[in-house]
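Letters A, B, ... mirror the listed sequences (proteins, then strands); counts begin at 1.
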Protein chains: 2
Amino acid sequence: MKKKQVSLKDIAKEVGVSIATVSYVLSKGKDSRVSDAMSEKIREVAKRLNYQPNIIAQSLKSGTTNTIGLILADISNPFFANLARVIEDEAAKYNYTVIFGSSDEKATKSKQLIDFLSSRQVDGFIIAPSEGSEDQIHALQQQGIPVVLIDRFFPNISTDYVIIDNYESSYRVVAELIRSGHRRIGMLAYTDGLYHMQERIRGYQTVLSDNQLVEAPEWLGKISYTNGKKEIEAAIDSMLAGDKPIDSIFFATNTLAIHGLKYLGKLNKKVPDDIAVVSFDEGEAFDFYYCPLTHVRQPLEEMGKAAVQSLSNRIKNPKIPQQAICLSAEVVVRKSSSTTTSK
Amino acid sequence: MKKKQVSLKDIAKEVGVSIATVSYVLSKGKDSRVSDAMSEKIREVAKRLNYQPNIIAQSLKSGTTNTIGLILADISNPFFANLARVIEDEAAKYNYTVIFGSSDEKATKSKQLIDFLSSRQVDGFIIAPSEGSEDQIHALQQQGIPVVLIDRFFPNISTDYVIIDNYESSYRVVAELIRSGHRRIGMLAYTDGLYHMQERIRGYQTVLSDNQLVEAPEWLGKISYTNGKKEIEAAIDSMLAGDKPIDSIFFATNTLAIHGLKYLGKLNKKVPDDIAVVSFDEGEAFDFYYCPLTHVRQPLEEMGKAAVQSLSNRIKNPKIPQQAICLSAEVVVRKSSSTTTSK
DNA sequence: AAGATATGCTTAATCGTTTAAACAAAAAAA
DNA sequence: TTTTTTTGTTTAAACGATTAAGCATATCTT
C-alpha cells in the first residue's frame with residue numbers, strides 16, 4: 001500500500017534515459033546541454049508522476065539543509081512564542097525552515113537540543129541561551145557552526161547577538177515611577193546570573209541611587225525559575241510587610257508580571273492607587289487587565305529579523321567580523337504607573 | 001575554518017579499521033561480533049572525536065525521518081500554540097521531532113506546506129485542515145502517507161481524526177444561558193464551511209428551537225476569517241440594534257471572543273449585567289478579564305496526546321482500521337452567563 | 001587429523017541526488 | 001578529407017550510514 005515516492009530513477013526508467021540526464025533537466029533547467037525535445041519529455045513525465053525531489057538526499061549531497069535550529073527558553077511563553085513566529089516568517093523569506101525547541105532555562109536541556117539539532121545538520125542556530133551554557137555555545141563556534149544569540153548573550157565570549165539595551169530600558173521605566181512620585185519601589189527579578197537580568201537589576205538600582213532613594217534589602221525579590229509562583233508571593237509579602245512597605249513595583253519579565261498581578265489582586269491591592277506597577281514586555285494577557293500597564297515594549301519584529309539576517313550573513317560568509325546588535329526599547333507609559341490620587 | 005562533522009570514516013581511519021566495523025560497534029552494541037578490545041577502542045575514539053551520527057544519512061538509508069509535520073491554522077493563536085506544545089512534548093516521548101507550519105486557514109498555503117514537508121520526508125502529518133483542503137488530504141492518503149486530522153475533519157472522506165463533540169458542547173454552553181434566564185441569544189461564528197463550525201452553529205440553533213426560542217436572523221453573525229475585526233463590530237451592532245436586541249451572546253472561538261469582548265467594552269456594555277457571554281476556548285488573555293467567562297474547555301492535552309498516539313499507530317501499521325476519536329468537552333460555568341440582577 | 005563451526009573483520013551494495021569526467025556522434029573548421 | 005569543436009548523453013564517484021554476504025583464521029568436534 002505504501003507507495004514509494006517517485007525518484008529520478010523512476011523518471012529515467014520511464015523515459016528510457018540515464019538518471020543524470022533527468023537530474024540535469026530538473027535541477028539545471030536551460031543551463032544543461034540536454035536537447036529541448038528530451039527536456040520536454042522528461043519534464044512532462046516528472047509532472048505526470050508527480051515527482052518531488054527528496055530533500056533528504058539533496059541535503060546529504062550538499063551538506064546543507066536550509067534549516068535553522070531555534071532554541072528558546074519556553075515556547076509557551078508569549079514573548080518567546082511571538083519571537084518564534086517572527087523568526088519563522090522571516091526565515092521563510094530566506095528559504096529556511098525552522099526547528100524549535102524549548103530549553104526551559106536548563107543548560108542540560110539546552111545541551112540535548114543542541115546535540116539533537118546538530119545531528120540533524122541544521123545550518124545554524126538562533127539561541128536564547130540559558131544560564132551555564134557558555135561552553136555549549138563556545139563548542140558550536142569551535143566546530144564552525146554559525147550561532148546568533150538572542151535576548152541574552154555572554155559578555156565573555158565573542159559571538160553574534162541581538163539584544164535590547166536592558167540597563168537603559170530598565171532605568172527609564174523605573175524613572176517613570178519616580179517621576180510620578182513613587183519613592184519605595186520594589187523589583188521582582190530572576191535569580192539567575194544571565195547578563196540581561198543583571199542589567200535590568202543594575203538599571204533599577206542605578207536609577208534609585210541617582211535619585212537618592214535608598215533601597216531596602218527586601219525591595220529586590222529574586223525568584224528562581226523553577227518554583228516561581230510560591231517565591232513570588234513570598235517576595236511580594238515581604239516587600240509589603242517591612243517597615244518601609246513599597247508603593248510601587250517593577251516586574252522584570254512578563255511571567256513575573258502575570259503572577260505578580262494575580263497575587264496583588266488576591267491581596268486586594270488596586271493598581272495604581274494602592275500600588276503602582278511597571279513591567280517588562282507586553283502580551284495579550286494584559287489587554288483585559290483593568291489598568292493599562294506602563295511597560296517596556298521590546299521590538300520583537302526587529303529582533304527576530306535582525307537575528308535571521310545576522311545568521312544568514314554568517315552562514316554565507318563565516319569570516320565576517322562579530323555582529324553585535326543592541327536595539328533600544330520603547331517605554332510605553334500608561335495608567336499603572338500614574339500618581340496615586342488619594343494620597 | 002568550517003570543520004566537517006566527524007563521520008564513521010574518520011573514526012575508521014583513526015582506528016585503522018573498516019567503516020563497517022565502526023558502524024557495527026556504534027549501532028549494534030553487544031549484538032555485533034566485533035571483539036571487545038576493538039569495540040572498546042572504537043568507542044573511545046568516537047568519544048574523543050565527539051562523533052555524532054548524521055541523521056540525514058540515516059534517514060536516507062532507512063527511509064524514515066522520525067519527524068512529523070504539524071499544520072495548524074495559526075500558531076500565534078493560543079489555542080493552537082498550546083495544542084502545538086502538547087503535541088511537541090508528546091511526540092518527543094515517541095522520539096519524534098515536530099516541524100510546524102501555519103496555514104492561516106488558506107488551502108493554498110496548506111498545499112504549500114504539505115508539499116514542503118513531504119519533500120522533507122516527514123513520516124506523517126497531524127493537520128487541522130483548512131476549508132477546501134479535502135483533495136490535499138486525500139492525495140496524502142493515496143500516497144500512503146499517514147495523516148491524522150485534529151480539531152476538524154471531513155465527514156465525506158475516511159481519515160483518522162481527533163475532535164471534540166462540537167454540537168454537544170455548543171448545545172450545552174448555550175443551554176447554560178437559557179437556564180439562567182436569557183432568551184435573546186446571539187452567536188458569532190465564522191463563515192467557513194468547516195464541519196466543526198457547522199456543528200457549533202447547529203448546537204446553538206437546536207438548543208434555541210428546543211426551547212421554543214425563535215431566532216432572529218441578525219442574531220447569527222457570520223464572520224470571514226480574513227477581515228474579522230470590522231465584521232465582528234458590524235455584526236454585534238446589528239444584533240444590538242434590531243427590534244429584538246440580544247441579551248446574551250455566544251462566541252464560537254477564542255479569537256472571536258477576544259475581539260467581541262473588546263468591542264463590548266468600547267460600547268460600555270457590562271458583562272453579565274448588560275449582556276451575558278459564553279465562549280468556546282479559554283486563554284491566558286481571559287485571566288485578567290473583569291468577569292470570569294463561562295466557556296467550553298477543550299481537552300487540549302488529551303487531544304494532542306490522542307493525535308500523536310493515533311499517528312504513531314498508523315505509522316507503525318498502516319493497515320489498521322480508521323481511528324475516529326471524539327472527545328467530550330467540559331462546560332465551565334462562571335459568572336459571565338449568570339442571571340442579570342438588575343432586571 | 002580432518003571436517004565443521006565459530007569468530008572477527010572487510011567488501012560491496014544501497015538509499016536519492018549531484019556533478020565532474022568520459023564518450024560517441026554530429027557539426028564546423030581546416 | 002581530416003581535424004577540431006560542439007552537442008547530447010552516460011558513467012561513475014560522492015555524501016554518510018546500514019547491512020547482507022564474503023572470507024580468512026581460529027576453535028571445536030569426533
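In this structure, A/Ser18 reaches the bases: a heavy-atom distance under 4.0 Å links it to at least one base atom across the strands shown. Using a 4.0 Å heavy-atom distance criterion, B/Ser7 is classed as a sugar-phosphate-only contact.
For the pair B/Ser310 and B/Val148, the tightest heavy-atom approach, listed with the atom from each and the gap, is CB-CG2, 3.9 Å.
Put simply, the residue from A/Leu70, A/Leu117, A/Leu113, A/Leu311 that forms a side-chain contact (heavy atoms from CB on, under 4.5 Å) with A/Phe125 is A/Leu117.
Summary of the strand contacts: B/Gly16 and B/Ala57 both lie near DNA chain C, and taking for each the nucleotide with the nearest heavy atom, the more 5' one is attributed to B/Gly16. Each of B/Pro53 and B/Tyr24 was matched to the nucleotide of DNA chain D holding its nearest heavy atom; the match closer to the 5' end belongs to B/Pro53. Both A/Arg33 and A/Lys28 lie near DNA chain C, and the one whose nearest nucleotide falls closer to the 5' end is A/Lys28.
In this model, no donor atom of one side chain and acceptor atom of the other lie less than 3.5 Å apart for B/Gln323 and B/Gln309. Side-chain contact annotation: A/Arg152 with A/Ser130, donor-acceptor N/O pair under 3.5 Å absent. Looking at A/Arg120 and B/Thr97, their side chains do bring a donor and an acceptor atom within 3.5 Å of each other.
A/Ser23 has a side-chain polar atom (N or O) that falls below the 4.0 Å cut-off from OP1 or OP2 of C/dT18. Put simply, A/Gln58 has no side-chain N or O that comes within less than 4.0 Å of OP1 or OP2 on C/dG16. Dashed line: the shortest gap from a side-chain N or O of B/Ser35 to OP1 or OP2 of C/dC9 is under 4.0 Å.
For the pair B/Gln5 CD and D/dG16 P, the interatomic distance rounds to 9 Å; values are reported in whole Å. For the pair B/Lys41 NZ and C/dG8 C1', the computed distance is 15 Å after rounding to whole Å. Atom C1' of nucleotide D/dA17 and atom CG of B/Leu60 are separated by 9 Å, given to the nearest angstrom. The distance between atom NZ of A/Lys9 and atom P of D/dT11, rounded to the nearest whole Å, is 14 Å. Here D/dT18 presents its P atom at 6 Å from CG of B/Leu8, a figure rounded to the nearest Å. One interatomic measurement links the two molecules: CD1 of B/Ile19 to P of C/dA13, which rounds to 15 Å at whole-angstrom precision. The separation between B/Ile56 atom CD1 and D/dA17 atom P is 11 Å, rounded to whole Å. The distance between atom CD1 of B/Ile42 and atom P of D/dT18, rounded to the nearest whole Å, is 13 Å.
Checked by distance alone, A/Lys61 brings no side-chain donor or acceptor within 3.5 Å of a matching partner on the base of C/dT17.
Set against D/dT9, D/dG16, C/dC9, the side chain of A/Val17 has D/dT9 as its closest nucleotide.
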